[in-house]
Amino acid sequence: MQYEHQRIEEKWQAKWKADKTYRVLNATDRPKYYVLDMFPYPSGAGLHVGHPLGYIASDIVARYKRHSGFNVLHPMGYDSFGLPAEQYAIQTGQHPAQTTKTNIEGGFDKEGRPVAGYRNQLDRMGFSFDWDREVRTSDPAFYKWTQWIFLQLFDSWYDAAQQKARPISELIACFEEKGSAGQDTSVLTGDIEQFVGGFSAAEWRSFDERTRQMVLQHFRLAYLSDAWVNWCPALGTVLANDEVKDGVSERGGHPVERKRMKQWSLRITAYAQRLLDGLDALDWSESIKEAQRNWIGRSEGATVRFPIGEDFIEVFTTRPDTLFGVSFITLAPEHVLVGKFTTPDRRAEVEAYVNSAKNRSERERQAEVDKVSGVFTGSYAKHPFTGAEVPVWVGDYVLAGYGTGAVMAVPGGDQRDWRFAKHFGLPIIAVTEGADTEKEADERKDATICSKGFLQGLKVPQAITRAIQELEKLGAGEGKINFRLRDAAFGRQRYWGEPIPIYYQDGIPYPLPESELPLKLPEVDKFLPTEDGEPPLARAANWSYNGHPLETTTMPGWAGSSWYFLRYMDPHNAERFASPEAIQYWQQVDLYVGGSEHATGHLLYFRFWTKFLFDRFWITFDEPARKLVNQGMIQGVSRFAEEIRIEASLKAKFDSRELVLKVMDTSGVLNQIEIPPHSDATGYHIYCSSGTPLQFEFVDKATGARITTVRSHHHANIRFVTEESVDGRNVHHIDIDSWLKEEPVYHPIVITDVPERAIWDYRMGTWSSLTTERSLTSRPLWVVRPEVEKMSKSKFNVVNPDDIIAKYGADTLRLYEMFLGPLEQSKPWDTNGIEGTFRFLRKFWNLFHANEASAHTGSSSNAPAPSTLRVDSLHVTDDAPTKAELKILHATLKKVTEDIEKMSFNTSVAQFMIAANELGSLKCNKRAVLEPMVIALAPFAPHIAEELWEKLGHATSVTTAPWPKWSAEHLVEDSFSYPISFNGKTRLQLEFPIALDAKSVEEQVLANPEVQARLEGKAPKKVIVVPKRIVNIVV
RNA sequence: GCCCGGGUGGUGAAAUGGUAGACACGAGGGACUUAAAAUCCCUUGGUCCGCAAGGGCCGUGUGGGUUCAAGUCCCACCCCGGGCACCA
């Protein structure tokens, strides 16, 4: 009987659904285990083979834990708010809710193309999700609680003394009693720190409502303020710092500029220290923890105030020990005091500089890091220690958003200050012994201070401590810890997100009462901003509460994902985001699996919200996930080409000569092409891969002399698109005409089967191998080579799991993805190896069935019809297993059990293969061996396991079977074959009983004639015997 | 520049300091078959010697070191991937 994956998988998927096999109940007497996957954004492109990698791994762990007696929560849902659905809505007018529903449940898109649906695709993989617990962040029943948490944040302030969030009412009570005195007010604002003027209790009571609310805004964890934001004009919205990469938006790559505007923000900076400290106890990969540490960016130092007239400039420095080396002060162009300190004679120049700096985008500023620019304000500040006059400059190397937006420049100890000083001819004072300040600044942290003053002769660390003491004594500054982390921009000028439950009365934001939640997204006529630039929600009719206008921005994509893990615990609760009982039972996530690209976005907000909910006593733990595993990316293989044109200027050299063109990269000559003399007026067009820079050498065929060399600097970056399969062959679309013009468009001309390394002969219309010599005409040639990159629809290199499942089945795909290599490692998708895992499943299946091959050959002329064959070909006996068979079984159970605990799935699949091969050659068909094997395989290949389990006569699902325990007694060996090595090099094998002690082994080894022959009569210097390991003879 | 990972056959990859290359793909050879598919068996790191059985040498990015023994530990360097970056 054959292994029919399609029939088996359809049968069991239907049965699991009907029986609710994977439903999880909250209260049981079994211990809990919570396995969570990062939920996907349901895009129209559907799943590709990269997505399930993590899901398969977590599913194996979830199933294994279930077999091991745990009550396992393993849910799945959708992060269903997001930009693509909204962009699609803008283009087609289809409501994002509809697009989202179709993308999840399947159907047809607006253009009538079929959409498989995430749910259907996931179901086909055989995952053990409890779908009764599905969540969608765009579901009002879900986002009601996202809004509710926002209201809690709005209703909270961070008490720096107690290091926790508290209700704002307690702060108000404090103000009424004592005013703003004391530590209570030392809260970061998240931007450049602003000074909240102190006030007494009496003053507070005399404040009007508006003033009180303005003051409270400085303390709320969700607050509205003027803030520098990352404004992306192309997307028409503000972005958080982690959504901007290299000055462009992470999604879409649109330019981003800094802009000051009213903006909802979350005060994540208040949690900076706790987010940092909490990392130590987490079982997360070191690289993610490091990424978070870098992102939080804690630095210890001091603030120093430099008096200037009645005023002062405050700077932050990590090196107060270099204070005596200060030769100027630099302000960021955006610094609020720039205007104030500019003298009249300098005003024109300073304003021009500030304006040009402001108008340059972030990207331009980053690109011009090497360029020094700045301008003198004309003012001088006083050095707090020496009283010296310190000129105040403006320079764009100082960032407005970090520290105080101003630096004390120490050219002798800071390379950036040094370059600025060199460029403008400012004095450079040596601060450390042995520094050559003519050449560069000395940034060593183990140096000795040499600048004049009380720090002279001290080592840097001691000097820092001393300098802070002196500053504090003088009242000119104090020790200070600064963080790079900025508060998170929380408002998005977009439609498809959670509405922020805030209304405005006299321009002051007030929270919507809880009873009004969820505040549902209104209907709008268009998903675009209004004519006067208001967000789409401003288009809604009656977007108000009791006549007061409602907030028009929506929450960012990461709002729902910051707490969704709690909702799975109790997904249908209408009274609370989750009941205390459910939270108490499920606690933290025990294993969280997802991509490392969320290191500084989602994973930081996820921890922040958890800590906040903990502070306000809604949950009983302050970290969301105990263990985190990052699955690697499955990459796609793309094929590129690039263009070189050899135009008129070069053409003259080629005329009337026979040439040889050598195509080379760093590894040498890839190809040689003979070029006949030609008279084409346009010159040559050569199209080449962009994988590595190529070089083209033209050689005179007759003399061998090199005529000219051309580098491939004209990149066209043409992508060969593998978009569809026709008759099992990949069809590559490419638009040559638009390519020749400039911008690539993926379409018209269809080329089939692009080889990995090839030249496209335009004239012949064929591909030929790179090694073939061929003549070049004036027609273009392409050289194509593969390049590995991220798999995504926009790169046209997607492999769809549905196609693989149709051919091999989900069990094969699951095994193959695990077999590919360590989970954390990224690897290109390559279908070539999949036959191996498919063959393994067939072998495994055949262990349970009579050998039909022999039956066939014996009676090939009158073989039974397939239907009768199918009836009962199970061939399993109840005979007692042999020692060898038990050894294979228990070795497999041991390896697989240990490997699942380590999440080393590739090696467990290998062990299954070994077992199947060995049991196959032993012709083992004994129930006592095969039955435990079925259970052990079930987490990896659940469908085939269920089918075999049923055939073995079980009425209940294999998922209910207890995990088979391995026992050491079956693994004991009687003897061991010792590798005998000479000076560490293995030369022969000798077998001795395990029980034989080291001394006897040594004697017998030395008595061995072959060993004697190798010793050539000489006595060994030393003999090392490691029992059950090795014998090493030193000669 | 700084901080994390990682460099092993033609390919994906194994390997508590103890026989490097398990397992799989691919390739080559063979069996069965009219044929194909499927299945099974053998070979497969490089290189040299030998008709053969067999044997020698080299080999885990490079160079040193520790050790009876190093892919694994230590030092220096090179390369690849990721994160951070005029962050004071």
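In the text below, chain A, chain B and the rest are named by the order of the sequence lines, each starting its count at 1. Worth knowing before you read on, the calculation uses all heavy atoms, side chains too, and leaves out hydrogens, waters and symmetry mates.
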Return the nearest nucleotide to the side chain of A:Asn917; candidates are B:rA14, B:rC23, B:rA88.
B:rC23
Scan residues 393-404 of chain A for pairs that pass salt bridge (charged side-chain N to carboxylate O under 4.0 Å, His left out), counting only residues two or more places apart or in two chains.
A:Arg360-A:Asp396
Which of these nucleotides, B:rA13, B:rU19, B:rG56, is closest to any side-chain atom of A:Gln989?
B:rU19
Between the protein and nucleotides 58-65 of chain B, which nitrogen or oxygen pairs are less than 3.5 angstrom apart?
from, atom 1, to, atom 2, distance (Å)
B:rC58, OP2, A:Lys985, NZ, 3.4

Those residues at least two apart in sequence (or on a different chain) that pass salt bridge (charged side-chain N to carboxylate O under 4.0 Å, His left out) with A:Lys894 are A:Glu898
Rounded distance (Å) that lies between atom P of B:rC2 and atom CG of A:Asn294:
13 Å
Provide the distance between the two P atoms, one in B:rG10 and one in B:rU47, to the nearest whole Å.
10 Å
Could you identify the nucleotide paired to B:rU39, looking across every strand shown and requiring Watson-Crick or G-U wobble geometry with both distances under 3.5 Å?
B:rA31
Residues two or more places apart in sequence or in another chain: which of them pass ring-ring contact (aromatic ring centres under 6.0 Å, His included) with A:Tyr605?
A:Trp558
Report which part of the nucleic acid A:Ser596 touches: base, sugar-phosphate, or nothing (heavy-atom distance under 4.0 Å, all strands).
nothing
To the nearest angstrom, how far is A:Glu824 atom CD from B:rG81 atom C1'?
15 Å
Non-neighbouring partners of A:Asn917 that pass side-chain hydrogen bond (donor to acceptor under 3.5 Å, both in side chains), sequence neighbours left out:
A:Lys843
Answer syn or anti for B:rG81, where the cut-off is 90° from 0 on the glycosidic torsion.
anti
Under 3.5 Å, which N/O atoms of the protein pair with N/O atoms of nucleotides 4-10 of chain B?
from, atom 1, to, atom 2, distance (Å)
B:rC4, O2', A:Ser287, N, 3.4

Say you pick atom C1' in B:rC84 and the same atom in B:rU11; how far apart are they, in whole Å?
34 Å
Comparing A:Gly821 and A:Phe316 on RNA chain B - which has the more 5′ nearest nucleotide:
A:Gly821
Looking for any heavy atom pair under 4.0 Å, which part of the strands does A:Arg987 touch: base, sugar-phosphate only, or nothing?
sugar-phosphate
Between C1' of B:rC84 and CD of A:Glu597, the distance in whole Å
17 Å
Qualifying residues under ring-ring contact (aromatic ring centres under 6.0 Å, His included), relative to A:Phe976, sequence neighbours excluded:
A:Tyr978
Below the 4.0 Å mark, does B:rC23 have OP1 or OP2 next to a side-chain nitrogen or oxygen of A:Asn906?
no
P atom, B:rG81 versus B:rA13: distance in rounded Å?
16 Å
If we take the C1' atom in both B:rA76 and B:rA69, what is their distance in whole Å?
24 Å
Between A:Glu440 and A:Lys422, does any side-chain N to carboxylate O distance fall below 4.0 Å?
no
Would you indicate which nucleotide in B:rA14, B:rG12, B:rG83 comes nearest to any side-chain atom of A:Phe819?
B:rG12
Is A:Lys887 paired with A:Glu918 through a side-chain N to carboxylate O contact shorter than 4.0 Å?
no
Distance check, C1' atoms only: B:rG50 and B:rG65, in whole angstrom units.
40 Å
Using the C1' atom on both, measure B:rU72 against B:rU19 and round to a whole Å.
15 Å
Base partner of B:rG26, which must satisfy Watson-Crick or wobble distances under 3.5 Å:
B:rU44
A:Gln292 or A:Met408: which one's nearest nucleotide on RNA chain B is closer to the 5' end?
A:Gln292
For atom C1', what is the distance between B:rC51 and B:rG61, given to the nearest Å?
41 Å
Taking pairing as Watson-Crick or G-U wobble with both contacts under 3.5 Å, can you name the mate of B:rG1, or confirm there isn't one?
B:rC84
May I have the distance from A:Lys827 (atom NZ) to B:rG81 (atom P), rounded to whole angstrom?
18 Å
For the residue pair A:His598 and A:His602, does the interplanar ring angle fall in the parallel (under 30°), tilted (30 to 60°) or perpendicular (over 60°) class?
perpendicular
Can a salt bridge be assigned to the pair A:Glu443 and A:Lys445 using a cut-off of 4.0 Å between side-chain N and carboxylate O?
no
Of the listed B:rU19, B:rC40, B:rC84, the closest approach to the A:Lys843 side chain comes from B:rC40
Distance in angstrom units between A:Phe483 CZ and B:rA88 P, rounded
13 Å
Once salt bridge (charged side-chain N to carboxylate O under 4.0 Å, His left out) is applied, do any residues pair with A:Lys902, and if so which ones, sequence neighbours excluded?
A:Asp899
Counterpart base for B:rU19, defined by Watson-Crick or G-U wobble contacts under 3.5 Å
none
B:rU39, OP1 or OP2 - any side-chain N/O from A:Arg842 closer than 4.0 Å?
yes
B:rA88, OP1 or OP2 - any side-chain N/O from A:Ser299 closer than 4.0 Å?
yes
Parallel, tilted or perpendicular, as decided by the 30° and 60° cut-offs, for the rings of A:Phe838 and A:His5:
perpendicular
May I ask you to say what A:Val909 touches in the nucleic acid, namely base, sugar-phosphate or nothing, with a heavy-atom cut-off under 4.0 Å?
nothing
Quick note, A:Arg419 side chain, CB onward, closest among B:rA88, B:rC86, B:rA15 is B:rC86
Please enumerate all residues that pass ring-ring contact (aromatic ring centres under 6.0 Å, His included) together with A:Phe316, with sequence neighbours excluded.
none
Would you tell me if any nitrogen or oxygen in the side chain of A:Arg484 comes within less than 4.0 Å of OP1 or OP2 on B:rC84?
no
Which pairs, protein N/O on one side and nucleotides 67-76 of chain B N/O on the other, fall under 3.5 Å?
from, atom 1, to, atom 2, distance (Å)
B:rC68, O2', A:Asn1032, ND2, 3.1
B:rC68, O2, A:Asn1032, ND2, 2.8

Could you tell me how far apart A:Phe940 (CZ) and B:rC23 (C1') are, to the nearest whole angstrom?
14 Å
Length of the line joining A:Met633:CE and B:rG83:C1', which is rounded to integer Å:
13 Å
For A:Lys827 and A:Gln825, indicate whether the former's side chain and the latter's backbone hold a donor-acceptor pair under 3.5 Å.
yes
Across the strands shown, which category fits A:Arg839 at heavy-atom distances under 4.0 angstrom: base, sugar-phosphate, nothing?
sugar-phosphate
B:rC23 versus B:rA15 - spacing of their P atoms, nearest Å
13 Å
Sequence-distant partners of A:Arg842, side-chain hydrogen bond (donor to acceptor under 3.5 Å, both in side chains), two or more places apart:
none
Which nucleotide in the list B:rA88, B:rU19, B:rA14 gets nearest to the side chain of A:Thr986?
B:rU19
How is A:Asp396 classified with respect to the nucleic acid when contacts are heavy atoms under 4.0 Å: base, sugar-phosphate, or nothing?
base
What pairs with A:Phe982 under ring-ring contact (aromatic ring centres under 6.0 Å, His included), at least two apart in sequence or on another chain?
none
